Amino acid sequence: MDRKYLQDHISEELWNKAKIEIGKHGQQIGNDNIIFNNSIGVTFQQGRYIGLSLKRVHVINSSFKQCLFDKCAATGSEFKNTKFIDCQIQDSNFQYTNFTNSEFVNQIPDVINMLGCNLCDSNFTKTIFKDIKMQASSFSQSVFANSIIDSCEISSCTLEGASFNGAKLSNMILTNLNVEYADFCNTSFDNVYLPLMQLPYTFGGMNYYFNNDGIKLRSFENQIYRDLSKAEYDKLLFYLKVYFQKTQQYFPLANIHLYEKEKEKFHECIMLGIQLACFNKNLRDVKHLVKLIKLSEWYDAVQLRSLYFKIIDFLQLNMEDPVYLQEVKSHFGEIYSLLGQQKEEDIIVRFVIEDNETKELTLANKLTNNLIKEIANSKCDIAWKNINISKNSPLDIAISFICERPELLVACIGVIGTWLFGALQLKQGRKNNKQNQNLKGNNIIIDSNNEIKIDNRKTINITNITIYCQGNIITNKNEIDNFINNINNQLKN
């Protein structure tokens, strides 16, 4: 690659001219991260940072003392081994930020340290929080592994899906926040109040509560708060199960049966929950139920693999729905990784399509859907496990398939190869056919102008077809035939 263009020096005069011309359109260019960027061992005292763009800054071994961050955008930044002492962060976005080995400490009464902030998907591994006050902020999907959180006031916040593996939580009342799907496995608690109704919605919370004394629950009986004893909560579980069953909340219901070691009821709840979530095309709920299955340790590899195919059947896939496709991209890879591992009989198909009319993702979704339906109709016990479609043109599509029965691998490869390479052969053969008629095959139409169409309107070209299987890379029909012959010979021997 010729990099001379990227290495050309941008003069100060040209740089200033660019800022002026872009600024004429009301656009601000540049990043205020020059204030902090690449700071190592620096102390920032009483700084007021208001409305700044601090994206992707890198701060290491530094300190912020009594500093204010107001309406700042610091997405994807890094504050490693850094102390925040008596600081305030409000109305700011610190999503995807790395705070590993850092420390948040507050010594000023009546100061809210984090207010109205987005800290989702951030990394607080081995981070210390001491006497910090947090309000109306989101920490969804953030990681607090091996962190220490002590005597903090957290209210109207969400910790949904956050991970606290190896963390130590102490002296806190967390009853006024969302902890659903939080992972409390291998977490230690000391005098921590959790929401009564949400305890069955956590991973590991139920087991810890009944086997240790660190988690406490509150009753609000007759408008008065009081501690709920374990015996009282154990008795209440019966009515909680009635409530969750009536409202079809199968995750907490299954979680209670997991604590009670009722395997059959647990499995029934899991399957009903997965079936309902698939019907609603809610793969997020499917993912959480599958994670609960793994936590139970009641299923072997064969059962997990079989469950994967049941989920495929429940979903009744329609990849033409862009909203549904986004659900698949967001969650299905994790579902597969929880239920199984990459095996030699798995197949990866990759190809590129060029849409000469619209260059929209709709065509890619429809083409992918046609391939999936074709394979489903083949009865080869094959299902897809992951789909990636680029957003650029031409569209690069990669589909991963899993073959449940290795002995049917040959048939699976044959179906995929016939569908993809057959379309190209059909198009090539049409060039020598002078009759003015359409040729049809494999849900694709080759019209009289030698163009591949779907629904007789979308014009496409399929290129760069590659199939990966058992260490083989297949790029044409002859290689398909050779692969099938080799597999058949191996089976004979």
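Values in this document were obtained by computation on a predicted structure and should not be read as measured data.
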Asks: Side-chain donor-acceptor contacts of residues 63-76 below 3.5 Å, not counting sequence neighbours, with atom names and distances?
Replies:
unit_1	atom_1	unit_2	atom_2	d
Q66	OE1	Q46	NE2	3.2
T75	OG1	N93	ND2	3.4

Asks: If you look at every heavy atom in T202 and M206, which pair is closest and at what distance?
Replies: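 Closest heavy-atom pair between T202 and M206: OG1-N, 4.3 Å.
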Asks: Is it the case that atom OH in Y96 sees more than 12 heavy atoms from other parts of the structure closer than 6.0 Å?
Replies: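 12 or below, so no.
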Asks: Mark yes when over 12 heavy atoms from residues, nucleotides or ligands other than K17 sit less than 6.0 Å from its NZ; otherwise mark no.
Replies: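 Open: at most 12 neighbouring heavy atoms sit under 6.0 Å from NZ of K17.
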Asks: Not counting sequence neighbours, list each pair that qualifies as a salt bridge (Lys or Arg N to Asp or Glu O under 4.0 Å) and has a residue in residues 208-228.
Replies: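 As it turns out, the salt bridge (Lys or Arg N to Asp or Glu O under 4.0 Å) pairs with a partner in residues 208-228, which skip direct neighbours, are D213-K230, E221-R226, R226-E232.
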Asks: With distance as the sole criterion, is a donor-acceptor pair present between the side chains of T247 and Q249 under 3.5 Å?
Replies: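 T247 vs Q249: donor-acceptor pair found between side chains.
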Asks: Mind jotting down which residue pairs meet the salt bridge (Lys or Arg N to Asp or Glu O under 4.0 Å) criterion with at least one end in residues 184-208? Sequence neighbours excluded, please.
Replies: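 Listed once each, the pairs would be none.
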Asks: Where do C278 and V286 come nearest, in terms of heavy atoms and distance?
Replies: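 What the structure gives for the nearest pair is SG-CG2, 3.9 Å.
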Asks: Indicate, with yes or no, if the rings of Y259 and F210 have centres closer together than 6.0 Å.
Replies: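 Yes, they do, as the ring centres are separated by less than 6.0 Å.
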Asks: Tell me whether E264 at atom CD has more than 12 heavy atoms from other residues, nucleotides or ligands lying less than 6.0 Å away.
Replies: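 No, the 6.0 Å shell around CD holds no more than 12 heavy atoms from other groups.
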Asks: Write down the atom of G273, the atom of L289, and the distance for their closest heavy-atom approach.
Replies: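 Scanning both residues, the minimum pair turns out to be C-CD1, 3.4 Å.
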Asks: Is the distance from the ring center of Y181 to that of Y201 below 6.0 Å?
Replies: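 So the answer is yes for these two rings.
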Asks: Tell me the closest heavy-atom pair linking Y233 and L196, and the distance in Å.
Replies: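 Residues Y233 and L196, closest heavy atoms: OH-O, 3.4 Å.
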Asks: Do N165 and S163 have a side chain donor and acceptor closer than 3.5 Å?
Replies: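 Judged by distance alone, the side chains do not pair up.
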Asks: Ring centroids only, cut at 6.0 angstrom: are F251 and F203 within range, meaning strictly under it?
Replies: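 Yes - the distance between ring centres of F251 and F203 falls below the 6.0 Å cut-off.
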Asks: Assess whether atom CD of E103 is packed by more than 12 heavy atoms of other residues, nucleotides or ligands within 6.0 Å.
Replies: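 Yes, enclosed.
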Asks: Would you find a donor on one side and an acceptor on the other, under 3.5 Å apart, between the side chain of S122 and the backbone of F94?
Replies: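 At least one qualifying donor-acceptor pair exists.
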Asks: For D131 and N106: C-alpha separation, side-chain torsions, deciding distance, then whether side chain to side chain donor-acceptor pair (under 3.5 Å) applies.
Replies: CA-CA 5 Å; D131 298 315; N106 179 52; over 6 Å; no
Asks: Output yes when a side-chain donor or acceptor of S142 lies under 3.5 Å from a complementary backbone atom of L119, and no otherwise.
Replies: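 It does hold such a pair.
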